[in-house]
2 protein chains.
Amino acid sequence: MKRRKTPTKEAVLEVLTKAGKAMSQDAIEQQISIDINRATIYRVLNRFCDDGVLHKIVAENGKQYFALCNDCEEQHNHDHFHFRCTQCETVECLPVEVNLAIPKGYLVENMNCVISGVCKTCV
Amino acid sequence: MKRRKTPTKEAVLEVLTKAGKAMSQDAIEQQISIDINRATIYRVLNRFCDDGVLHKIVAENGKQYFALCNDCEEQHNHDHFHFRCTQCETVECLPVEVNLAIPKGYLVENMNCVISGVCKTCV
DNA sequence: ATATTATTGCGATTCTATTGCAATAATAAA
DNA sequence: TTTATTATTGCAATAGAATCGCAATAATAT
Ligand SMILES: [Mn+2]
Ligand SMILES: [Mn+2]
Ligand SMILES: [Zn+2]
Ligand SMILES: [Zn+2]
């Protein structure tokens, strides 16, 4: 199934690029001028994740946030921490790698590390 | 509001102690012989979290898991990683501390670090 | 034994995210 | 350009997790 170029995809990507941080579906929808269905946005976001364009972060509030990938063409590689500000509700990718000594016998597939608190701006 | 000793609280704590790992509400409910309402279990779990008896982990599936605290009497202190097995759906506390260099100006309140993959048993 | 109020059960509700299906539109083929 | 193919979308329904309001219950103090 080849991907097609659509206004929705362009709009979503533009919003995320300009924001420079991770965003939730509803935050993205608010930033798009044209009306796009919620389900469509979710589908676009999930497709981007499948294609290595975006990556998904699940915060402690159980919500999903989406952010641009840096070097994830073939395989996702997100061994970095994220920060969620409880004041401005912002989620950002921190330039800090996650490196831990995983106990023997465990097979790692994914990482979801979110630190929460008050961000630099809100402090 | 002083806490009272109830069968529900005892049952929940017993299940979590015997399991020796983190559990979700529905998993806990299944392990309790007597019938306890879902909302009640959630309230008991959240109260335990408030009291520093349990701590809550939110996995990438958006679900909440609860595990016994080790040394969290006055203040929660959960700077350790967790592992969620995608095969047996188990969530466990890893004896591996999270230590990262947080960028200047950020105020850390909580950590939620979950590694997912296949656990030692399922590999 | 009685009073106080923390705890519980139940149903309703909130919130996030996904899914089925028909309609639409992007792209390829003629 | 016209036609065919099928990825994408809109809409409403659905799923799933967790919380909330309120009356009833029961643990603890008096
Ligand atoms: Mn990231
Ligand atoms: Mn833990
Ligand atoms: Zn902030
Ligand atoms: Zn396992």
Side-chain angles (χ1 to χ4, degrees), chain A residues 1-16 22-51 53-67 84 86 89-91 110 112 114 116, chain B residues 1-16 22-51 53-67 84 86 89-91 110 112 114 116:
Chain A
M1 49 178 97
K2 285 172 192 166
R3 294 281 129 93
R4 295 178 180 177
K5 180 179 179 181
T6 72
T8 300
K9 293 175 67 175
E10 290 184 315
V12 168
L13 221 49
E14 188 189 337
V15 166
L16 279 170
M23 297 179 75
S24 60
Q25 178 277 323
D26 54 292
I28 293 173
E29 186 176 338
Q30 284 182 343
Q31 293 298 319
I32 297 181
S33 51
I34 51 175
D35 243 41
I36 303 175
N37 186 266
R38 175 178 58 245
T40 301
I41 297 182
Y42 272 115
R43 279 187 281 229
V44 165
L45 289 170
N46 284 325
R47 249 175 273 149
F48 275 143
C49 286
D50 291 341
D51 296 346
V53 178
L54 299 179
H55 64 286
K56 184 188 293 188
I57 305 124
V58 178
E60 341 79 86
N61 58 5
K63 255 179 128 177
Q64 301 180 347
Y65 294 81
F66 300 85
R84 170 166 167 269
T86 51
E89 286 297 327
T90 280
V91 173
N110 192 28
N112 192 74
V114 182
S116 61
Chain B
M1 50 178 96
K2 285 172 192 165
R3 295 280 128 93
R4 294 178 180 178
K5 181 178 177 182
T6 72
T8 300
K9 293 175 66 174
E10 289 184 314
V12 168
L13 220 48
E14 188 189 338
V15 166
L16 279 169
M23 296 179 75
S24 61
Q25 179 276 324
D26 54 290
I28 293 172
E29 185 176 339
Q30 284 181 342
Q31 293 298 318
I32 298 180
S33 50
I34 52 175
D35 242 41
I36 304 175
N37 186 267
R38 176 179 55 244
T40 301
I41 296 181
Y42 273 115
R43 279 187 282 230
V44 165
L45 289 170
N46 284 325
R47 248 175 272 149
F48 275 143
C49 286
D50 291 341
D51 297 347
V53 178
L54 299 180
H55 64 285
K56 185 188 294 188
I57 305 125
V58 178
E60 342 78 84
N61 58 5
K63 257 180 122 176
Q64 301 180 349
Y65 294 82
F66 300 85
R84 170 165 167 270
T86 52
E89 287 298 325
T90 280
V91 173
N110 193 28
N112 191 74
V114 182
S116 61

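Per chain, numbering begins at 1; letters A, B, ... match sequence-line order. Basis for what follows: all heavy atoms, side chains included, without hydrogens, waters or symmetry-related copies.
Between the CZ atom in B:R43 and the CD1 atom in B:I36 there is a gap of 12.5 Å [rounded to 0.5 Å].
Closest to the side chain of A:Y42, out of C:dG11, C:dT18, C:dT8, is C:dT18.
Between A:N37 atom CG and D:dA7 atom C1' there is a gap of 16 Å when expressed in whole angstrom units. Going from atom CD1 of B:I41 over to atom P of D:dC20 covers 17 Å, rounded to whole Å. One interatomic measurement links the two molecules: CD1 of B:I36 to C1' of D:dT25, which rounds to 15 Å at whole-angstrom precision. What separates NZ of B:K9 from P of C:dG9 is a distance of 14 Å, to the nearest Å. What separates CZ of A:R47 from P of C:dT19 is a distance of 13 Å, to the nearest Å. Taking atom CD on A:E60 and atom P on D:dA18, their separation rounds to 14 Å, with Å as the unit. Rounded to whole Å, the distance from CG on A:D35 to C1' on D:dT9 is 13 Å. Taking atom CE on B:M23 and atom P on D:dA17, their separation rounds to 15 Å, with Å as the unit.
Using a distance-only test at 3.5 Å, with no hydrogens or angles considered, a donor-acceptor pair links the side chain of B:K9 to the main chain of B:R4.
At D:dA17, one or more side-chain N or O atoms of B:K63 fall inside 4.0 Å of OP1 or OP2 (strictly under the cut-off). Contact annotation: B:T6 side-chain N/O to C:dA6 OP1/OP2 distance is not under 4.0 Å.
With respect to the salt-bridge test (charged N to carboxylate O, under 4.0 angstrom), the residues A:R38 and A:E29 do not qualify.
At the heavy-atom level, A:Q64 lies under 4.0 Å from the strands shown only through sugar-phosphate atoms. If you check every strand for non-hydrogen atoms under 4.0 Å, B:T8 touches sugar and phosphate atoms only. The residue A:R3 sits close only to the backbone: its heavy atoms come under 4.0 Å of sugar-phosphate atoms, none of a base. Residue B:D26 is out of contact with every strand shown, counting any heavy-atom pair closer than 4.0 Å.
Axis deviation across the helix from C:dA1-D:dT30 to C:dA30-D:dT1 amounts to 30°, comparing end segments of five pairs, rounded to 10 degrees.
For the residue pair A:K56 and A:N112, no side-chain donor N or O sits within less than 3.5 Å of a side-chain acceptor on the partner.
Minimum interatomic distance between A:I57 and A:A22 (heavy atoms only, all atoms of both residues): CD1-CB, 3.9 Å.
Comparing B:K5 and B:R38 along DNA chain C, the residue whose closest nucleotide (by nearest heavy atom) sits nearer the 5' end is B:K5. Comparing B:R4 and B:R43, the nucleotide of DNA chain D nearest to each residue sits closer to the 5' end for B:R43.
Side-chain atoms of B:D26 and B:K63, non-hydrogen and from C-beta on, do get closer than 4.5 Å to each other. Here the side chains of B:L45 and B:L16 are in contact, with some heavy-atom distance below 4.5 Å.
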